[in-house]
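Contents: one structure, followed by commentary.
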Amino acid sequence: MASIRFEQVSKRYGKVTAVAQADFEVKDKEFMVLVGPSGCGKSTLLRMIAGLEDISEGGLFIGGERVNDLPPKDRDIAIVFQNYALYPHMTVYDNLAFGLKIRGLKKEAIREKVLEAARILEIEALLDRKPKAMSGGQLQRVAIGRAIVRSPKVFLFDEPLSNLDAKLRGQMRLEIARLHKKLQTTVVYVTHDQVEAMTLGDRIAVMQQGIIQQIDTPQNLYRRPANRFVAGFIGSPPMNFIPGAINQSSQGFVFEDDSLTYAFPLPASAAWEPHTGRRVEMGLRPEHFSARPPQDGLPYASFEVEVQHIERLGHESFAFAQWGKYALAARLSADEDLEPPCRITLWASLDKMHFFDLESGRAVG
């Protein structure tokens with residue numbers, strides 16, 4: 001078993017808390033992604049697994065063994081860094097073999113492991129090259145290969161694709177996903193890129209200011225965010241937010257925006273009652289707007305907006321508009337022939353809307 005368990009783990013630097021009471025488990029053979037903005041504590045969490053950072057409080061277990069005081073070399077983990085960390089004077093073969101030589105493996109065993117890793121990563125033709133003669137994608141493959149040859153219980157990736165261009169990042173995401181399926185090992189992967197997180201992770205831990213906000217599958221994070229931060233972080237462009245309040249009328253519960261110029265009824269639910277009169281934010285993703293009324297028969301809201309700018313991406317367009325004092329982004333079909341500035345009506349089904357308590361940020365309803 002190569003599960004990783006955090007029990008109330010914290011990391012402090014003097015009076016600054018980098019990670020606060022992390023309490024979760026990465027299952028055996030799971031691909032767990034830690035995601036969040038810069039400085040949220042995700043790399044610190046990863047470095048504690050590796051033994052590169054001391055734990056201030058709590059317990060860390062790998063494969064059921066408490067490893068708080070175990071040195072990195074005895075944890076049976078391999079880490080792939082953002083900057084590749086290859087020896088520039090060594091060939092690819094020697095870079096891959098170096099760690100195995102240090103561990104005292106015999107020459108034939110080293111050769112077998114190196115050739116197997118090179119075959120898996122399709123870098124056999126590069127074994128005689130030195131790092132300066134390779135592209136970024138090739139260097140990243142070698143860095144991953146150096147981790148593979150060790151056959152560790154746990155792979156750790158610390159923003160491994162951030163130095164690559166967009167096309168190469170897409171290719172390497174596929175490579176890493178393929179490798180995980182083939183090797184069937186436990187992976188913890190740190191990134192600030194939500195596309196990497198959503199496409200790679202079995203589960204994702206979203207972090208902010210050292211605190212884990214939500215751990216869930218990519219689909220659940222998208223469909224059922226636990227709070228406003230997760231809702232705004234997952235999705236590109238980010239979710240639109242409109243402040244207002246949940247009130248009760250003769251028609252039932254309604255959402256009224258802060259300017260009190262617009263209201264729409266909410267689906268019947270007892271969940272609204274505890275929040276009656278409280279200030280909330282309504283959240284709606286750009287992709288849940290349409291320039292046509294919904295055809296599914298579900299209740300909807302309409303928004304008369306002033307489109308100020310259009311981003312045309314070929315297969316789709318993003319409209320950036322003003323609705324009263326609120327800025328909205330909407331993803332529309334590429335067939336919509338709009339020339340800003342122009343006024344249009346945007347439609348959205350009520351069942352696609354999210355609501356968050358303005359004070360706590362937690363999802364309501």
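As a basis for the values below, the full set of heavy atoms in this structure was taken, side chains included, without hydrogen atoms, waters or symmetry mates.
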#### Entry: Flag if over 12 foreign heavy atoms under 6.0 Å of CG, D54
no
### Query
Between E336 and R292, is there a side-chain N and carboxylate O pair less than 4.0 Å apart?
yes
### Message
Could you check whether any side-chain N or O of S317 sits under 3.5 Å from a backbone N or O of A334, counting only pairs where one atom can act as donor and the other as acceptor?
### Response
no
#### Entry: Whether over 12 other heavy atoms sit under 6.0 Å from Y87 OH
no
### Summary
Nearest heavy-atom contact between I215 and R203 is CG2-NH1, 3.6 Å
### Query
Which pairs count as ring-ring contact (aromatic ring centres under 6.0 Å, His included) when at least one residue sits in residues 26-76, sequence neighbours excluded?
F31-H180, F31-Y189
### Task
Might you confirm whether atom CG of D128 has over 12 heavy atoms from other residues, nucleotides or ligands at distances under 6.0 Å?
no
### side-chain hydrogen bond (donor to acceptor under 3.5 Å, both in side chains) between T345 and E304, intermediate numbers included
CA-CA 5 Å; T345 301; E304 299 286 336; 2.7 Å; yes
### Summary
Heavy atoms of A50 and I79 approach each other most closely as CB-CD1, 4.5 Å
### Task
Under 4.5 Å between side-chain heavy atoms, chaining through other members, with only Ile, Leu, Val, Met, Phe, Trp and Tyr counted: pull out the rest of the cluster around M239, sorted by chain and number.
F241, F356
### Query
What is the minimum heavy-atom distance between G58 and N68, and which atoms define it?
O-ND2, 2.8 Å
### Message
Classify the ring geometry of F264 against F255: parallel below 30°, tilted from 30° to 60°, perpendicular beyond 60°.
### Response
tilted
### Message
Using a 3.5 Å distance criterion without hydrogens, assess whether the side chain of H315 forms a donor-acceptor pair with backbone atoms of L313.
### Response
yes
### Query
So which heavy atom on L46 is nearest to which on V190, and how close?
CB-CG2, 3.8 Å
## Note on the structure
What one should report as the nearest heavy-atom pair of V19 and V9 is CG1-O, 3.8 Å
### Task
Would you please test N227 and Q213 for side-chain hydrogen bond (donor to acceptor under 3.5 Å, both in side chains) and show each step?
CA-CA 8 Å; N227 57 41; Q213 303 293 312; 3.0 Å; yes
### Message
Can you confirm whether E311 is buried at CD, in the sense that more than 12 heavy atoms of other residues, nucleotides or ligands lie under 6.0 Å from that atom?
### Response
yes
### Query
Name the one of R278, R279, R362 that satisfies salt bridge (charged side-chain N to carboxylate O under 4.0 Å, His left out) with D357?
R278
### Query
Taking K11 for the side chain and A18 for the main chain, is one N or O donor matched with an acceptor at less than 3.5 Å?
no
### Query
Between the main-chain N or O of Q308 and the side-chain N or O of Q322, is there a donor-acceptor pair closer than 3.5 Å?
no
### Task
Taking only Lys NZ, Arg NE, NH1 and NH2, and the carboxylate oxygens of Asp or Glu, determine whether E116 and R119 approach each other closer than 4.0 Å.
yes
### Task
Output yes when a side-chain donor or acceptor of D257 lies under 3.5 Å from a complementary backbone atom of G244, and no otherwise.
no
### Message
For E256 versus A263, what's the shortest heavy-atom pair and its separation?
### Response
CG-CB, 3.6 Å
#### Entry: Geometric class of the F320/F318 ring pair [parallel <30°, tilted 30-60°, perpendicular >60°]
tilted
### Query
Any donor-acceptor pair under 3.5 Å linking the side chain of R173 with the backbone of E196?
no
### Message
Using a strict threshold of under 4.0 Å (side-chain N to carboxylate O), is an ion pair present between E124 and R141?
### Response
no
### Task
State whether the side chain of R150 and the backbone N or O of I77 hold a donor-acceptor pair below 3.5 Å, judged by distance alone.
yes
### Message
Quick one: does any side-chain atom of K42 pair with a main-chain N or O of P37 as donor and acceptor, under 3.5 Å?
### Response
yes
### Task
Answer yes or no: are there more than 12 heavy-atom neighbours, outside E287 itself, under 6.0 Å from its atom CD?
yes
### Query
Hey, is the main chain of K352 close enough, under 3.5 Å, to the side chain of S349 for a donor-acceptor pair?
no
